[in-house]
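Per chain, numbering begins at 1; letters A, B, ... match sequence-line order.
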Amino acid sequence: MDKPTENAAGGTLADEGLDGREATLLRATLENMSQGVAMYDGEHRLVTWNKLFREYLDMPDEFLTSEHTFADYIRYLGARGEFGEVDIEVALAQRIKQLDHPHSFERVRPDGTYLEVRRDPVPGGGFIAIYTDITERKLAEMKLREDEEQLRAIDAAAPVGLVIMDIKTHVVRHTNGCFGRLIGRDAATIIDRPIAALVGDTEQTARLIDILLSPSTERQEFSLPRADGTPIFTIVSHEHLEFRGAPAIIATFVDISDRVRMEHQLREAKEAAESASRVKSAFLANMSHELRTPLNAIIGYSEILSEDAADEGNTAMVADLDKIQAAGKHLLGLINDILDLSKIEAGRMDVYLEQVFLSRMVEEVKTIVSPMMAKNENRFVIDSPIDIGSLRTDVTKLKQSLINLLSNAAKFTKNGEVVLRLVRDQSAAGEVVRFEVSDSGIGMSEEQMGRLFQAFTQADSSTTRNFGGTGLGLTITKHFAAMLGGTISVRSEPGIGSTFTIELPAETKAALDSVAAPEIADPGAPAEPGAITVLVVDDDPAVHEVLAATLGKEGYVLRHARDGIEALNIMRREPPDIVTLDVMMPKIDGWSVLGIMKSEPALEHIPVIMLTIVDDRNLGYSLGASEYMTKPIDRQRLIALIHKFAPGAEEGLVLVIDDDPHVRAMVRSTIEDVGLHVAEAANGKAAIEWLDAHHLPALVLLDLMMPEMDGFEFLTRVRTDARFADLPIVVLTAKELTSEEREFLARNTLLILNKSAQPIGTLGSALASIASHRNG
Amino acid sequence: MPKILLVEDNEMNRDMLSRRLARNGFEVVVAVNGQEGVDLALAQQPDLILMDMSLPILDGWEATRRVKADPATAAIPVIALTAHAMAQDREEALAAGCDDFDTKPVELPRLMGKINALLGLGG
C-alpha cells in the first residue's frame with residue numbers, strides 16, 4: 001500500500017486527537033474504500049479526504065493543500081461548471097441547510113459519470129461526505145428500463161397475438177392487446193383464467209395444450225373461437241420461457257383467416273374449372289365422333305371419285321380430288337388427336353398393360369414411318385440391341401408415341417438422318433428402357449423447347465403452315481409417357497437437330513423371365529394327360545417368350561429347343577403333337593430339320609408349322625436362297641449377282657430354271673454377254689436331273705412357280721442334299737407373293753407365319769385346327 | 001371370285017366400302033345389322049366377313065361371337081372394323097374371336113393386305 005502523501009490524500013488526523021497507530025489504520029481504511037470520502041470539521045473546514053475523493057471530483061492539488069471550507073469547495077465546483085447553469089449561492093445555501101441531517105442525492109458530472117453523494121453529520125460537529133461512482137449501475141438501470149419499454153411497446157403493437165401460459169396449471173399469465181383483438185375480447189379479462197376458457201371445446205383445448213407443450217417448435221394451424229362464435233384461423237408457434245419465476249410457454253397466434261379464405265376460394269375456382277374442363281372434354285369426345293362420321297364420307301367418296309377419275313384418265317380431277325382427300329385426312333388426324341387429348345384430360349384414357357416384345361414392335365413402327373422418312377429423303381436407322389427383350393406396357397400408346405416422335409423428326413429433317421435408338425439401362429428408379437429419336441433437322445432454340453409440350457403450340461406458329469401437323473402430337477406423347485410411368489425429355493440445337501427421349505420403367509420384365517425361363521431350361525416338364533404339346537424350335541428367345549406367354553395360357557404344354565439338333569433330340573425322346581419350326585437358325589436350318597423329320601418314320605407324321613417372315617425377300621432366303629431378285633429382271637443387277645457368286649469363273653456355267661421360255665431367253669442373252677455359259681431347265685424336276693448328270697454350275701437362277709416341281713420343292717430337296725449344300729441359288733420372284741404361292745404353302749401343310757407382325761390369334765387358330773384334326 | 005360379307009349399318013360407309021371391294025374383284029354381300037350379319041354368314045357362306053362393331057340389334061362383338069360359335073361359320077375369318085384405334089377396341093375384338101382388326105376410315109391398301117393375308121392363309 002502506498003503511503004498517503006499530501007498530494008494524493010490528506011488531512012492531519014493526529015490533529016483530531018488520534019494517536020499515530022489509529023491514525024495510520026484509519027488512513028489505510030480510507031484509502032482502501034471503494035468510495036470517495038471527505039470529512040469536514042464543525043466549522044465546515046475540509047480536514048481529511050482520500051484518493052478516490054480527489055479522483056472522482058478532479059480536485060486540484062493546490063485546492064487541497066490550502067485550508068478550505070465546504071462553501072469554498074462548492075463554489076469552486078460551481079465555478080468549474082460542475083452543477084450546470086445554476087445560481088451557485090442558491091445551490092450552496094440549499095446544501096448547507098441540509099448538513100444537519102444525513103442525506104444523499106445523485107448527480108451527473110459534466111463527463112457523464114454518475115455520483116451518489118451522501119453526507120452524514122458526525123458527533124461533535126462536522127460531517128462526512130461519501131461519494132460513490134454509480135455510473136455502471138445507472139446505465140444498467142436505464143438499459144433495463146428501455147428494454148422493458150420496448151417489450152411493452154412490442155407487446156402492445158405487435159400484429160400477432162401473444163399468450164403466456166403457465167406450464168403446470170395451464171393458466172393464462174399474460175396476453176397482449178392483439179390477442180384480445182383477434183378473439184374479440186378484452187385481453188385483461190383473459191389473464192389468470194385457464195386456457196380452456198379461451199377455447200371452449202374440450203377436445204380443441206386438449207389439442208392446443210398439446211401443441212403448446214410439444215417439444216417441437218414447428219408451427220401449427222389452430223382455429224380459435226371468437227367471442228361472437230365465429231372461428232379465426234391462426235398459425236401457432238411457441239417457446240419456453242420463465243415468467244415471474246414460474247416455467248411458462250409463450251405462444252404467438254398469427255391471423256391467417258385471409259389466407260384460408262383465399263385458399264378456399266382458389267379451391268372452389270379450381271374445382272369449377274376442372275368441372276368445366278371435364279364437361280368440355282366430354283363434349284369434345286362426343287363432337288369428335290359426330291364430326292368423324294361425315295368426314296369418313298368426304299374422305300371415302302373423294303377416294304372413290306379419284307379412282308374413277310384415274311380410270312378415265314382425268315388427271316386434273318384426280319389431283320383436285322386427292323387434295324380434298326388429303327385435307328379430309330388432315331382434319332381427321334386433328335379430330336383424333338383432340339379426341340385423345342380430351343379423353344386424357346377427362347381421365348377416361350385407360351392403360352392396357354401387356355408384355356410387349358420390343359424388336360417386333362419396332363418393326364411395326366418402322367413399316368408405318370418408312371414412307372414418311374422417304375418423303376423428305378431421310379435415312380431411317382434403327383439402333384436396337386438384339387437382346388432388347390420385352391417391356392410390360394401399353395403397346396398402342398407406346399407405338400403412337402414413337403410414331404409421333406418419328407413423324408415429327410421426318411417432317412423437320414430433309415436429306416438427313418433419323419435414328420430410333422433403344423437402350424435398356426439402370427436408373428435411380430430401377431430398370432428402364434429408353435427410346436431415343438434423334439434427327440439432323442432444323443432443331444429448336446431454348447425458348448421453343450419451353451413451349452414444346454403445350455397443347456396447340458408448335459415451336460413456331462408458322463410451323464403448322466410450313467410443316468403441317470396438328471400441334472397436339474407432343475402433348476399427347478407427353479401424357480402417354482406419364483400414363484406409362486415414364487418421362488419424355490428433349491435436347492436440341494437450332495440447325496443441328498433434336499433428340500427426344502422417352503424413358504419407361506421395365507419393372508415387370510423380371511416377372512416374365514421367372515415364368516418363361518424355367519420352361520426353356522426344363523424341356524421335360526411333365527405334361528398333363530390329354531394336353532397338346534407344342535415343341536417350339538427357334539433361336540430367338542423372344543419367340544419363346546411370346547409363345548410361352550400366349551399359348552401357355554391356352555392350355556398348350558410347351559417344349560423349347562434353341563436349334564435344330566436340340567429339337568430333333570427332344571422329338572426322338574418324346575414326340576410332340578405339333579412342332580413350330582423357325583427356318584433360319586444356326587447349325588442346321590428349319591428346312592433341314594423338316595427333311596430329317598420326314599425321313600424318320602417316328603417323326604414323319606408330326607404336323608409342322610414353319611414360322612418365318614412372309615415378306616417375299618425373306619421367303620426366298622428362308623427357303624435357302626443365296627440371293628433374291630424380282631422380276632422383271634434388271635440386267636445390271638443380274639450381272640452384279642453373277643459377279644458376286646461366280647467371281648473369276650470365266651468358264652463357269654449358270655443354270656437358269658424357269659418355265660417361261662421368254663425369261664430364259666432374256667436371261668441367257670444377258671449372261672452370255674458377260675462371257676458365261678448357260679444351261680436351261682423348265683422346272684425343278686428337270687433341274688435336278690440336270691444337276692445329277694453334270695458338274696456343279698457356278699450359279700443357279702430359280703423361278704418359284706413352275707409345273708411338275710416348283711422352286712419351293714427344288715430348294716427343299718437341294719438343301720437337304722449334301723452335294724448341293726454350298727450351291728449359290730438366286731431366287732427370281734414377282735414383287736408380291738401370289739395367291740398361288742400362298743395356296744401352295746397352305747396345301748403343303750406348311751403354314752408360313754409372319755413373325756414380325758402376327759396377330760397371335762392366327763397362330764392360335766392354326767394350332768387349334770391341327771389339334772382338332774389330330775383328335776378327330 | 002372371293003365373297004365378302006360386309007356388316008355395316010352406316011349407309012354411306014356400306015356404299016363406299018362395297019363399291020371399292022367390288023372394284024377390287026370381290027363379290028360383296030351386305031348386312032345392315034348384327035343379326036342379319038349372322039344370318040347371311042350362315043346362308044351365304046362368305047370367304048370373309050368385315051364386321052363393324054357398333055351395330056343395331058346385335059353389336060359386332062356379339063355377332064362375331066355367334067359366327068365363331070356356330071361350326072358352320074366358325075372357320076370364316078372375321079376382320080373387325082372400329083371407329084378409332086384404341087387398345088381396348090383391339091382387345092375386345094380379338095377376344096370376341098375376330099381374326100384381325102382395322103380402323104375406320106378404311107385405308108383400302110391396308111385393309112386389302114389384311115383381307116388377302118387371311119384369304120391366302122385360309123384358302
Can you tell me which portion of B:Arg110 sits under 4.5 Å from chain A's heavy atoms? Options are side chain, backbone, both or neither.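 No part of it gets close to chain A.
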In terms of heavy-atom contacts, does [atom1] of [X] have more than 12 from other residues, nucleotides or ligands at under 6.0 Å?
{"X": "A:Lys366", "atom1": "NZ", "result": "no"}
{"X": "A:Met372", "atom1": "CE", "result": "yes"}
{"X": "A:Lys375", "atom1": "NZ", "result": "no"}
{"X": "B:Gln45", "atom1": "CD", "result": "yes"}

CA sep, side-chain torsions, deciding dist, call: A:Lys329, B:Glu107, side chain to side chain contact (heavy atoms under 4.5 Å, CB included): CA-CA 11 Å; A:Lys329 282 184 175 165; B:Glu107 295 256 3; 4.1 Å; yes
Looking only at heavy atoms, which two atoms of B:Arg19 and A:Ile304 are closest? And how far apart?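 Closest heavy-atom pair between B:Arg19 and A:Ile304: NH2-CG2, 3.4 Å.
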A:Leu295 portion near chain B, given a 4.5 angstrom heavy-atom threshold: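 Looking at A:Leu295, nothing touches chain B.
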Are side-chain heavy atoms of B:Met16 and A:Glu303 found at a separation under 4.5 Å?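 Not touching, per the 4.5 Å side-chain cut-off.
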Got B:Met12 and A:Asn296 here, is their nearest side-chain heavy-atom distance under 4.5 Å?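 The answer is no, as the side chains (C-beta and beyond) never meet within the 4.5 Å cut-off.
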Which one of B:Asn13, B:Leu17, B:Asp15, B:Asn10 has the most heavy-atom pairs closer than 4.5 Å to chain A?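 Ranked by heavy-atom pairs under 4.5 Å with chain A, first place is B:Asp15.
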